[in-house]
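Order of the sequence lines sets the chain letters (A, B, ...), proteins ahead of strands, with each chain counted from 1.
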Protein chains: 4
Amino acid sequence: MPKTSQNTSQTTSRRTGGRRPADREPRQAAVSAAPERRQELLAVAAEVFAAHGYNATTVRRIADEAGLLAGSLYYHFDSKESMVDEILATFLDELWAGYDAVLAAGLGPRETIEALVTESFRQIDRHRAAVAIYQKESRHLAAHPRFGYLTESQRKFEAAWLGTLERGVSDGTFRADLDTRLIYRFVRDTVWVAASWYRPGGRHSPEEVARQYLSMVLDGIALRE
Amino acid sequence: MPKTSQNTSQTTSRRTGGRRPADREPRQAAVSAAPERRQELLAVAAEVFAAHGYNATTVRRIADEAGLLAGSLYYHFDSKESMVDEILATFLDELWAGYDAVLAAGLGPRETIEALVTESFRQIDRHRAAVAIYQKESRHLAAHPRFGYLTESQRKFEAAWLGTLERGVSDGTFRADLDTRLIYRFVRDTVWVAASWYRPGGRHSPEEVARQYLSMVLDGIALRE
Amino acid sequence: MPKTSQNTSQTTSRRTGGRRPADREPRQAAVSAAPERRQELLAVAAEVFAAHGYNATTVRRIADEAGLLAGSLYYHFDSKESMVDEILATFLDELWAGYDAVLAAGLGPRETIEALVTESFRQIDRHRAAVAIYQKESRHLAAHPRFGYLTESQRKFEAAWLGTLERGVSDGTFRADLDTRLIYRFVRDTVWVAASWYRPGGRHSPEEVARQYLSMVLDGIALRE
Amino acid sequence: MPKTSQNTSQTTSRRTGGRRPADREPRQAAVSAAPERRQELLAVAAEVFAAHGYNATTVRRIADEAGLLAGSLYYHFDSKESMVDEILATFLDELWAGYDAVLAAGLGPRETIEALVTESFRQIDRHRAAVAIYQKESRHLAAHPRFGYLTESQRKFEAAWLGTLERGVSDGTFRADLDTRLIYRFVRDTVWVAASWYRPGGRHSPEEVARQYLSMVLDGIALRE
DNA sequence: CATGAATGAGCATTCATTCAT
DNA sequence: GATGAATGAATGCTCATTCAT
């Protein structure tokens, strides 16, 4: 789950050079013309994309769900593609804001992993739909140059997690008898697939889910005698 | 990953009443008109479905890859749908043959889990494409009545795993301080998502991957002092 | 290039009964709400229509070029159609003012042709965009009853030119060994297509271009010995 | 009216590297699968394009006129664009086959012009629709890289005609008192616009029209005393 | 068994136009 | 006078499927 620049946190200026925002919306809108509508529509779109998949989601369906006609969506967005784009980019921006804070905190490997997992579940809680989309679609979206930032994020993501795990193996925090890449995939998948069943407002808070997941991941499910 | 009847193991007569096989192909006509061709085509289809997703896969693409024209596929199969159907059904049949054997062996909770996980990785090894398809598409395919057996299999799957886990919690094999459903999801996802990155013939054999996964799942990744 | 009534020269009251002007704008309301703005917008529209064709020109494009939003154009004009209408009508009015003056002057065939050609190049110079639009679009616009005046103008145009040519053939001014209709088309096309490459302010003044064209048309390009 | 390679005369191997033909049609068709249908459809398309303009022509319209459904056209062609492409390219290929033969014949300036004009009217006779399309659409089609060959052809066309004219001015065949570019445009337009009114099988054969046009162009329409 | 050609329903997108503010 | 948001009809194109040969 990558991003282009990790230090900046503005919502749109990174990736593709921030050229899109100038295209349509804020013509001379200094005070801004109504970004809420855009957000509403994106929220609806994200939900539908997550439920049915990007390809299987028709623009009509999104429009229906949002209460307008299909064509009207094109007043707000350039294309169906640019909707997922904005959904994913917004999510990744926020994710990396959190991750970067964690990584900059100078914690030990175990604490870093704990913080990353907790942050991940918080993101799943806030951006469930976006995470689900990311899980299902990022692979083939990444094929388009427009979504290059997905690959970029993936790279950074792997570096952060794998690096922390290796650091932990070196200093004796984590077991050395396992293939580190296997551990990485295990932890990564374990955390993110949760988006497919997690429902915000359910039995457990994201922090609680994180706590139990961490407990399983770190200490296993077998009882120690 | 469920099936309708676990005791029978014939390749096609179970599920949804076994009505489909009568549709087109010459049943299992003694000598038969080349059932290998059918399998070849299904293998190609499975690969393409796995790589691009069911919806995104065009019948033409499958045909291209198989070296014939799109229309010609309809000599062998009723529809695109019936292709996934057969792919998934075949996979689930084999999966449940294995699972049922394990479940019938009367092992303890830990050994049962170990055997199930190992069997799962063997299936991933043999049916990588089918497993990947199952992961990505089963949710929305299950909406059609034709794929009722997917839901059915899911139910059986959950019963088997969750039952074993609960048995293990009761008898002190597994930790009691965790939400059992959370453990279930954790183990389930952990195992099956592997299909998304596992490549047969890679660094580790399925048994080796299973061993390491089991080790992580059971004992965690943290070093015990 | 015809018009309905050649004797009147007011800017809008002829054609299709002059019903449109009453539609929206404050007629020619004494002080009026800035008719210059209207002209500005029409000039922009004409330019865009000429450059990209009527159909291919979107209302948005015109608006962009004029610095307002697409919808805002509808304060000034009823429709895209009424923009071309006004552009073409204005041009034809002026063209016929010139032509009618020439035709009323009682010149001989050769002098009439010379004057018509010169007048035509003057119009191309003044209304380049309108002429280009007329060339490209009049055929299919004429299908709509609203643009009946185009057909009407065509008829008058042919009558004027063909009549003059025939008069010249009769009195020995022009060659008699050629199909008169062929001569007509030759002269007509020759003159008007110039709008597609002529750029006001270029190497030659319209009068100079007219002079050379006339020289070619009347005496040919071959050197006489 | 240009072409990429003037020496070869095969119908499709030049331009865009000849990659398109491999795309769809001749799969393994050695003997060829049915190029007649393709030609029929192209003829219909050309007619409609010529009558209503490329943009204004809907794929539905072409299909209607050809007696099939819009989608079915896509079995034969990649896109609406590739239809015009093929129409124009075929025409230009044939045009240049003729032009090149003329230019290679080593005739004097006057005879060359005569031959080019005659050849042009023959092309107008054979490819009326294509010529009309070329006249109306080449300017904006040439914007797409795919239609680069249009610009290329234009360049060659100008070189051939302008060169011949200049040769004629030098050797005293043509008048020296006129702007050569003006002569060029005059002749060029004069000839090609004829496509907008010429109807094959009409009063005059192409050769007869050519003869009269040449007579006007070379010697003018004024009677010499 | 396979091809070639066609169908028809559906999809993303465009665009002239409307209208409340 | 102009904006922002929406409409609705149309457009180019895709695709699973059919079927005569």
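The side chain of A:His76 places an N or O atom within less than 4.0 Å of a non-bridging phosphate oxygen (OP1 or OP2) of F:dA6. Taking 4.0 angstrom as the limit, D:Tyr75 places a side-chain polar atom (N or O) nearer than this to OP1 or OP2 of E:dA5.
Using a 4.5 Å heavy-atom threshold, the side chains of B:Phe147 and B:Glu81 count as touching.
Mapping B:Ser72 and D:Arg60 onto DNA chain E via the closest heavy atom, the residue that lands nearer the 5' end is B:Ser72. Mapping A:Glu81 and C:Thr58 onto DNA chain E via the closest heavy atom, the residue that lands nearer the 5' end is A:Glu81. Between D:Ala70 and B:Ser79, the one whose closest nucleotide on DNA chain F sits nearer the 5' end is D:Ala70. Summary of the strand contacts: A:Leu68 and D:Gly71 both lie near DNA chain F, and taking for each the nucleotide with the nearest heavy atom, the more 5' one is attributed to A:Leu68.
Rounded to an integer number of Å, the gap from D:Leu41 CG to E:dA5 P is 10 Å. Atom CZ in C:Phe77 sits roughly 15 Å away from atom C1' in E:dA16 (whole-Å rounding). Between D:Phe49 atom CZ and F:dT11 atom P there is a gap of 13 Å when expressed in whole angstrom units. Nucleotide F:dT14 holds its C1' atom 15 Å from the CD1 atom of B:Ile62, rounded to whole Å. Residue B:Tyr74 contributes atom OH, which lies 17 Å from atom P of E:dG4 at whole-angstrom precision. The distance from atom CG of C:Leu69 to atom P of E:dT18 is 17 Å, rounded to the nearest whole Å. Rounded to whole Å, the distance from CG on B:Leu73 to P on E:dG4 is 14 Å. E:dA12 atom C1' lies 14 Å from atom CG of A:Asp64, rounded to whole Å.
Base pairing of E:dA12: its partner is F:dT11, meeting the Watson-Crick or G-U wobble criterion (both donor-acceptor distances under 3.5 Å). With a cut-off of 3.5 Å on both pairing distances, the Watson-Crick or G-U wobble partner of F:dT21 is E:dA2.
Taking every heavy atom of both residues into account, C:Met83 and C:Ala45 meet most closely at SD-CB, 4.3 Å. When all heavy atoms of B:Thr57 and B:Val48 are compared, the closest pair comes out as OG1-O, 3.3 Å.
Under the 30°/60° scheme for interplanar angles, the aromatic rings of A:Tyr134 and A:Phe91 are found to stand perpendicular.
Between D:His52 and the choices D:Lys136, D:Glu47, D:Arg61, the side chain to side chain donor-acceptor pair (under 3.5 Å) rule is met once, by D:Arg61.
Distance from the side chain of A:Val59 is smallest for E:dA12 among the nucleotides E:dA12, F:dC13, E:dT17.
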